[in-house]
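Taking it in order: structure first as structure tokens, then the write-up.
In what follows, chains are A, B, ... by sequence order, proteins preceding strands, each numbered from 1. Both backbone and side-chain heavy atoms feed into the values below; hydrogens, waters and symmetry mates do not.
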Amino acid sequence: MDIFLQQIINGLTTGSVYAIVALGYTMVYGVIQLINFAHGEVVMIGAMVAFTVITALVGAGLPLPPIVLVFAGVLTAVPVCMAIGYLLERVAYRPLRHAPRLAPLITAIGMSIILQHLALLIWGRDPRAFPQIMEVTSFNLGGAAISSVQIVIILLSVVMMGVLTWFVYRTRFGIAIRASAEDVRVAALMGVDANRVIAATFIIGAAMGAVAGVMYGTYYGIAHYTMGFTLGLKAFSAAVLGGIGNLAGAMLGGILLGLVEALGAGYIGDLTDLCQWPVFGGLLAERCEADGHVILLGSNYQDVFAFLVLILVLVFRPSGLLGERVAERA
Amino acid sequence: MLATALLEALNLEVHYGGIAAVKGISFAVEEGELVCLIGANGAGKTSTLKALARMIPAQGEIHYRNARLDRLPSHDLIRHGLALVPEGRGIFARLTVTENLAMGAYHRNDKAEIALDLQHIYEMLPRLKERAAQVAGTLSGGEQQMLAIGRALMGRPQLLLLDEPSMGLAPLMVEKVFEVIRTVAAQGVTIFLVEQNARLALQTCSRGYVMESGLITLADSAANLLADPRVRTAYLGE
Ligand SMILES: Nc1ncnc2c1ncn2[C@@H]1O[C@H](COP(=O)(O)OP(=O)(O)O)[C@@H](O)[C@H]1O
Ligand SMILES: [Mg+2]
């Protein structure tokens, strides 16, 4: 099996999900310069709602094809998350629109904790397993395996990114969102209601987040009330990597982060195999002979890469790959 | 109170924290007029315009036709026919020229008429047409000012507020911008023009107000103001 190609495929899959979630962070940030830390939880709730619906439908014993089941799950999760996204903005952030920036930021963290505990109350402490409703088929692609789920995730993400790009660049309201991201007060002079634009960024981000949650849960076959935390933080890292506030940056950052993470996970074991280094080889000769490897950091360290990337970007290029003029905004 | 006034401000006040920038001024603009407000840097001119456009909190009454602007949110004003070209132009630098102009017509739904207006703007400001697909941030200062005015006109305003359109422009460009302003006024748009360039402003307007430290200290016809010794020493450098 070609490890490199395999990890590229895996990285593109998770990267697509990161990109979709990152868009939710970056759209909101672009207009109101708020890091909506609760976005990860919205994604988690999307996965939970969909899992619940699918499990219920399977339990009801209706002879529905798998695609219909998943579709029903997504179609329920999306409006639920849109409503939560809207309520977050309306109830938690809007009253603080003109408060010092620390206030909404702390509120965002608070909202994240509240939503997480709400999910804990509703769905409990145990992970939810995705019901076995379909056979996952695998295809051979140049020596690596790509599953039907991976293909669907990548294609669906590309479609969502395409639709969002079209919306933001080709429709009147989309242009108004971009104008508001530059200057809300001047956009208002043209008749743009800032509240509507801001609410729209939350709602659109939440809708995509819901789909991302379902994709992520389906990919790993599991959903848990804490999954939004790591996923959210990774997607946020992706948004920063691409340049927060920048849509293309969020897409690029998400994909890159997925790739870095997958390749890192694929090779970190080999790279930190102490037996290959003469220094350690001598010291650990016995164990190396017995086990063949003494691996310092296994692939379970893959989560580290996202945050390593975040730290490196913040240190060396805080404006991100495609970002500009970060210092300009007070 | 002027019976025919299109816009009338009464006891307008603007405070920043505890500091008063506009200290209870009253003025009026009649339909079809080109009125200017001149004054030194820091006099409170921009604050006055921002108050009229509801961009900052202010006290006092703002009457506009039968509406009370001081009770409307900023984004409703263009529907009442009021547009502001803000200080520093306020163009959307990352949007293309066409997108900026489209934003000007955001509140309108008459697609065919919008297309016609766009054509007229491009005829009046051919430089913009050449750069239609360009991102507005790449335009020169003068072109950006033209774009800001063109964008405001795309909203079909009845009253156009202009905040220092000559700011930061080379003299030749200033001339061109003022030519556009005169053309727009000749088309029947009422204009309230704020300027530091007092001579040019008074030569362009029919009436003027002089603002000093948050108060209107003189109000007269442009010709009288140009001849007024106080204006001549303070604002015309004579
Ligand atoms: N955002 C603000 N915060 C505090 N003070 C301000 C602000 N904007 C303007 N000022 C002050 O208000 C006064 C009037 O400013 P402004 O309206 O910009 O005058 P002008 O346009 O005539 O130059 C000045 O003293 C200025 O320093
Ligand atoms: Mg000013």
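- Not a single donor-acceptor pair under 3.5 Å links the side chain of B:Glu195 to the backbone N or O of B:Cys36.
- Listed by sequence position, B:Tyr106, B:His107, B:Arg108, B:Asn109 are the residues of residues 106-116 of chain B in contact with chain A, using a 4.5 angstrom heavy-atom cutoff.
- Distance alone, capped at 3.5 Å, is enough to place a donor-acceptor pair between the B:Lys45 side chain and the B:Gly39 backbone.
- Salt bridge status for B:Arg68 with B:Asp70: present, with a side-chain N to carboxylate O gap under 4.0 Å.
- Ring orientation note: the planes of A:Tyr216 and A:Tyr18 are tilted relative to one another, at an angle of 30° to 60°.
- A donor-acceptor pair is defined here as one N or O able to donate and one able to accept, closer than 3.5 Å; no such pair exists between the side chain of A:His39 and the backbone of A:Gly232.
- In this structure, the portion of B:Ala105 lying under 4.5 Å from any heavy atom of chain A is its backbone and not its side chain.
- Using a 4.0 Å cut-off between charged side-chain N and carboxylate O, B:Glu143 and B:Arg89 make no salt bridge.
- Listed for the B:Arg151 side chain is no donor-acceptor partner under 3.5 Å among the backbone atoms of B:Met103.
- Ion pairing between a basic and an acidic side chain is recognised when a charged N comes within 4.0 Å of a carboxylate O; B:Glu179 and B:Lys176 show no such pairing.
- For B:Leu161, no part lies near chain A; criterion is any non-hydrogen pair under 4.5 Å.
- Within residues 192-207 of chain A, the residues that have a heavy atom under 4.5 Å from a heavy atom of chain B are A:Val192, A:Asp193, listed by number.
- Formation of a donor-acceptor pair under 3.5 Å by the A:Lys234 side chain with backbone atoms of A:Gly254 is not found in this model.
- By the 4.0 Å N-to-carboxylate-O rule, A:Glu89 lies close enough to A:Arg97 to be salt-bridged with it.
- By number of non-hydrogen pairs under 4.5 angstrom with chain A, the leading residue of B:Leu77, B:Ile91, B:Leu84 is B:Leu84.
- A donor-acceptor pair is defined here as one N or O able to donate and one able to accept, closer than 3.5 Å; such a pair exists between the side chain of B:Thr190 and the backbone of B:Gly32.
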